[in-house]
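Notes to accompany the following structure.
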2 protein chains.
Amino acid sequence: MRLTTKGRYAVTAMLDLTIHCDDKPVSLADISQRQSISLSYLEQLFSRLRQSELVTSVRGPGGGYRLSRSSDSIYIAQVIDAVNESVDTTNCKGKGDCQGGEICLTHSLWDQLSQEIHSFLNAISLADLVARRDVKSIAQRQVEQLLILNESPQAGAC
Amino acid sequence: MRLTTKGRYAVTAMLDLTIHCDDKPVSLADISQRQSISLSYLEQLFSRLRQSELVTSVRGPGGGYRLSRSSDSIYIAQVIDAVNESVDTTNCKGKGDCQGGEICLTHSLWDQLSQEIHSFLNAISLADLVARRDVKSIAQRQVEQLLILNESPQAGAC
DNA sequence: ACTTACTTGACTAAAATAGTCGGGTATTGG
DNA sequence: CCAATACCCGACTATTTTAGTCAAGTAAGT
Ligand code: FES
Ligand code: FES
């Protein structure tokens with residue numbers, strides 16, 4: 001099992017994408033600033049997200065990324081899977097051959113745990129997260145901090 | 001979050017300890033053979049398990065390790081915590097200061113997931129695992145394989 | 001004494017993480 | 001057309017973690 005900043009960044013970026021406009025695509029530079037994630041790293045992550053068809057891209061000036069479908073049909077587990085290749089906690093990738101081809105003592109435990117985690121993350125959509133009170137207020141704060149920092153008078157709060 | 005072979009080995013070894021006798025202490029050499037885990041690595045793990053007071057040690061010939069208390073009051077989460085320092089999935093160790101001292105967008109999600117995993121692993125005791133049908137039969141297989149391999153006529157199946 | 005088996009600490013090869021860097025290519029506003 | 005924007009892609013790297021090894025002990029039983 002791996003759940004590190006890679007997966008966290010991916011979910012954070014997708015959430016930022018969900019929050020900021022359904023009309024115009026969002027550039028990685030914007031996400032990078034708001035979420036304090038390195039631009040180059042974001043590019044790497046979005047390459048995977050695009051391959052998994054969670055986002056679509058628009059090139060050229062004014063371009064950026066868009067969710068490929070409605071935010072209530074994109075689940076956290078899918079985002080993590082896209083960048084992190086599964087939340088499997090078994091050692092054998094579910095095959096049951098840990099101990100020289102044979103199943104090990106604790107296989108069933110890890111198998112069960114994996115299912116538990118997966119169903120938890122698969123029950124939460126991006127839309128669910130956006131609806132949370134704390135997420136709303138943090139997003140608000142991030143936008144305000146950025147306006148102060150940039151002094152850019154683009155008041156277009158979608 | 002980290003859940004790697006370190007945690008898995010620890011749980012496996014503790015389970016082996018639970019299965020093999022409540023009367024005489026179990027040596028690491030035995031566990032090493034049955035579970036195919038390097039002896040030196042086991043020593044390292046048991047050092048942590050002993051510090052967390054999950055096992056007690058007996059030195060000298062015939063010595064080994066014993067569970068420090070009844071197997072139905074040792075939970076998987078405790079074993080993993082002992083070697084793996086928590087199954088926390090947040091980036092901030094629960095402090096909420098990911099983003100330059102401020103809380104990040106996804107903190108509450110990871111916090112919730114951590115609690116989910118912890119309560120799952122904290123609801124399963126070593127005794128619960130031993131009672132499982134698959135665990136019983138795998139343990140049986142391991143003992144038989146070892147007898148064939150060693151030709152040691154210690155028929156003392158506790 | 002001698003052997004068994006725990007105890008401790010330092011060391012290491014290999015892998016994964018968390019990025020960076022440098023060049024592309026498509027699009028569009030002027 | 002042209003230059004700026006912003007996605008696209010692959011290679012490269014420092015750091016950290018994992019998964020161990022190795023050596024030199026110490027305590028206890030026979
Ligand atoms: S984890 Fe699946 S066989 Fe060991
Ligand atoms: S994970 Fe806790 S603040 Fe970001």
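A, B, ... follow the sequence lines: proteins, then strands. Residue 1 opens every chain. In this text the structure is predicted, and so the values were computed from the model without any measurement.
A/Arg66 places its CZ atom 14 Å from the P atom of D/dA6, with the value rounded to the nearest Å. Per the geometry, CG belonging to A/Asn91 stands 15 Å off P belonging to C/dA15, to the nearest Å. When rounded to the nearest whole Å, the span between CZ of A/Phe46 and P of D/dC7 equals 9 Å. Atom CG of B/Leu3 and atom C1' of C/dA16 are 16 Å apart (whole Å). In this structure, NZ of A/Lys24 is placed 17 Å from C1' of D/dA6, rounded to the nearest angstrom.
Within a 6.0 Å radius of CD in A/Glu53, no more than 12 heavy atoms belonging to other residues, nucleotides or ligands are found. Within a 6.0 Å sphere centred on CD of A/Gln112, heavy atoms belonging to other residues, nucleotides or ligands number more than 12.
Residue A/Tyr65 is classed as a sugar-phosphate contact, given heavy-atom separations below 4.0 Å to backbone atoms only.
Of the candidate nucleotides D/dC7, C/dT8, C/dA5, C/dA5 has the atom lying nearest to any side-chain atom of B/Ser27.
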Please list, for nucleotides 25-30 of chain C, all pairs of protein and nucleotide N/O atoms separated by less than 3.5 Å.
residue	atom	partner	partner atom	Å
C/dT25	O2	A/Arg59	NH2	3.0
C/dA26	O4'	A/Arg59	NH1	3.2

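At D/dC9, one or more side-chain N or O atoms of A/Arg50 fall inside 4.0 Å of OP1 or OP2 (strictly under the cut-off).
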Inset, instruction - Any chance you could list the contact pattern along nucleotides 10-23 of chain D? Use B for base contacts, S for sugar-phosphate-only contacts and - for none, protein heavy atoms under 4.0 Å, 5' to 3'. - result: --------SBBBB-

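Between B/Asp97 and B/Lys95, at least one side-chain N (NZ, or NE/NH1/NH2) sits under 4.0 Å from a carboxylate O, which counts as a salt bridge.
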